[in-house]
Amino acid sequence: MMEEAKKSVILVGFMGVGKTTAGALAAQQLDRTFVDIDDEIVKAFDMTIPDIFSAYGEDVFREKERELVEAYCTASNQVISLGGGVFMNDALRRLCLEHGLVVHLDMSWEAWTERLDDIIDTRPVLQKKNVDEIESLFYERKDLYKDHHMKVMTDGLSEEAVAEAIVSAVRTN
Ligand SMILES: Nc1ncnc2c1ncn2[C@@H]1O[C@H](COP(=O)(O)OP(=O)(O)OP(=O)(O)O)[C@@H](O)[C@H]1O
Ligand SMILES: O=C(O)C1=C[C@@H](O)[C@@H](O)[C@H](O)C1
Ligand SMILES: [Mg+2]
């Protein structure tokens, strides 16, 4: 029997909120394929994200990201973790909102700062910025994620609890 076509769950949110970790767990529970756009970019270049940024620059990274988001976000039955910067592109934001069920993984700035040391080495966008500049970026990006179908506030939740919240939000939609 053909699988019923359900809109893909598209996870958005700031760097480090847990789109990759909780997204993979949620995909298992929903029995859907998990796609991480950052991982697809890493595979396409066979390089880490910091290496792509330093060798080719952010524009080249964003162009590959655009291609991959366009290709994946119109497919059904998946859980897709977007890179934290995808919604800077208006056209991609609209495309995701039109074709997918966009779930914003949200976090307070206070809770997020506890994660900064663990993630900074692998997120070039956070590097060479002081904490005030990172805080401004955090709120600028939060504005972009306001366009969503569902939101999960992740403060104080384990990775498993975030995944469960995503699953229950999707099932009750
Ligand atoms: N709910 C959680 N509680 C504690 N730590 C978490 C939680 N979710 C994720 N983490 C940890 O935070 C770090 C960042 O998580 P993850 O890579 O999933 O974020 P992301 O949203 O995919 O970030 P990016 O947009 O940069 O890809 C990882 O070290 C992960 O183990
Ligand atoms: O928010 C961003 O601009 C980024 C988020 C990450 O997911 C990666 O896509 C990359 O580090 C850039
Ligand atoms: Mg990720």
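Basis for what follows: all heavy atoms, side chains included, without hydrogens, waters or symmetry-related copies. When a ligand or atom number is given, it counts from 1 through the structure's own listing order.
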- So which heavy atom in the protein is nearest atom 9 (O) of ligand 2, and how far is it from that ligand atom? D38 OD1, 2.6 Å
- Message: What I want to know is whether G18 and ligand 1 share at least one N or O pair that is separated by under 3.5 angstrom.
- Response: yes
- Query: Side chains of I52 and I41: closer than 4.5 Å at any heavy-atom pair?
  - Reply: yes
- Query: Out of I49, D36, L126, whose heavy atom is nearest to atom 11 (O) of ligand 2?
  - Reply: I49
- Query: Checking K142 side chain against M107 main chain: does a donor-acceptor pair fall under 3.5 Å?
  - Reply: yes
- Item | Side chain to side chain, E159 and L25, heavy atoms closer than 4.5 Å | yes
- Query: Would you say W112's side chain and M15's backbone share a donor-acceptor pair under 3.5 angstrom?
  - Reply: yes
- Side chain E133, main chain N130, donor-acceptor under 3.5 Å: yes
- Drop me the distance from H99's NE2 to E70's CD, to the nearest 0.5 angstrom. 10.0 Å
- Compare all side-chain heavy atoms of S81 with those of D38 and state whether any distance is below 4.5 angstrom. no
- Query: Any ion pair linking D90 and R93 (charged N to carboxylate O, less than 4.0 Å)?
  - Reply: yes
- Item | Salt bridge R62-D59, side-chain N to carboxylate O under 4.0 Å | no
- Task: Could you tell me if any non-hydrogen atom of G16 lies under 4.0 Å from any atom of ligand 1?
- Result: yes
- Message: Tell me whether D118 reaches ligand 1 (any heavy atom closer than 4.0 angstrom to a ligand atom).
- Response: no
- Query: With atoms numbered from 1 as shown, which atoms in ligand 1 lie under 4.0 angstrom from a non-hydrogen atom of G84?
  - Reply: 25 (O)
- Message: Pairs of nitrogen or oxygen atoms closer than 3.5 Å, one from G83 and one from ligand 1: do any exist?
- Response: no
- Where the closest heavy atom to atom 8 (N) of ligand 1 is concerned, which of E160, E159, R123 has it? E159
- Please state whether V17 comes within less than 4.0 angstrom of ligand 1, counting heavy atoms only. yes
- Have a look at ligand 2 and work out which part of R141, if any, has a heavy atom under 4.0 Å from it: side chain, backbone, both or neither. side chain
- Query: ligand 2 and G84, any nitrogen or oxygen pair closer than 3.5 angstrom?
  - Reply: yes
- Item | Cationic N near anionic O, under 4.0 Å, R94 to D147 | no
- Query: Given the protein's heavy atoms, is any one of them under 4.0 Å from atom 6 (C) of ligand 1?
  - Reply: yes
- May I ask you to list the atoms of ligand 1 that are less than 4.0 angstrom from any heavy atom of L157? 1 (N), 2 (C), 3 (N)
- Any non-hydrogen atom of A22 lying under 4.0 Å from ligand 1? no
- Query: Considering only protein heavy atoms, which is closest to atom 10 (C) of ligand 2, and at what distance to one decimal place?
  - Reply: F61 CZ, 3.9 Å
- Query: For the side chain to side chain contact (heavy atoms under 4.5 Å, CB included) test, which of L82, V162, V79 pairs with L11?
  - Reply: V79
- Please find out if the Mg ion (ligand 3) and some N, O or S atom of T20 are separated by less than 2.8 Å. yes
- Task: State if R62 counts as touching ligand 2 under the rule of any non-hydrogen atom under 4.0 Å.
- Result: yes
- Query: For atom 27 (O) of ligand 1, which of D38, I119, V12 has the closest heavy atom?
  - Reply: D38
- Work out which heavy atom in V102 is nearest to a heavy atom in V12; give both atom names and the distance. CG1-CG2, 3.9 Å
- Message: Can you confirm, on distance only, whether ligand 2 has an N/O atom lying under 3.5 Å from any N/O atom belonging to M88?
- Response: no
- Task: Would you mind telling me if ligand 1 is within reach of the side chain of A161, the backbone, both or neither, using heavy atoms under 4.0 Å?
- Result: neither
- Query: Mind checking whether F14 has a heavy atom under 4.0 Å from ligand 2?
  - Reply: no
- Item | Aromatic centroids of F45 and Y56 separated by under 6.0 Å | yes
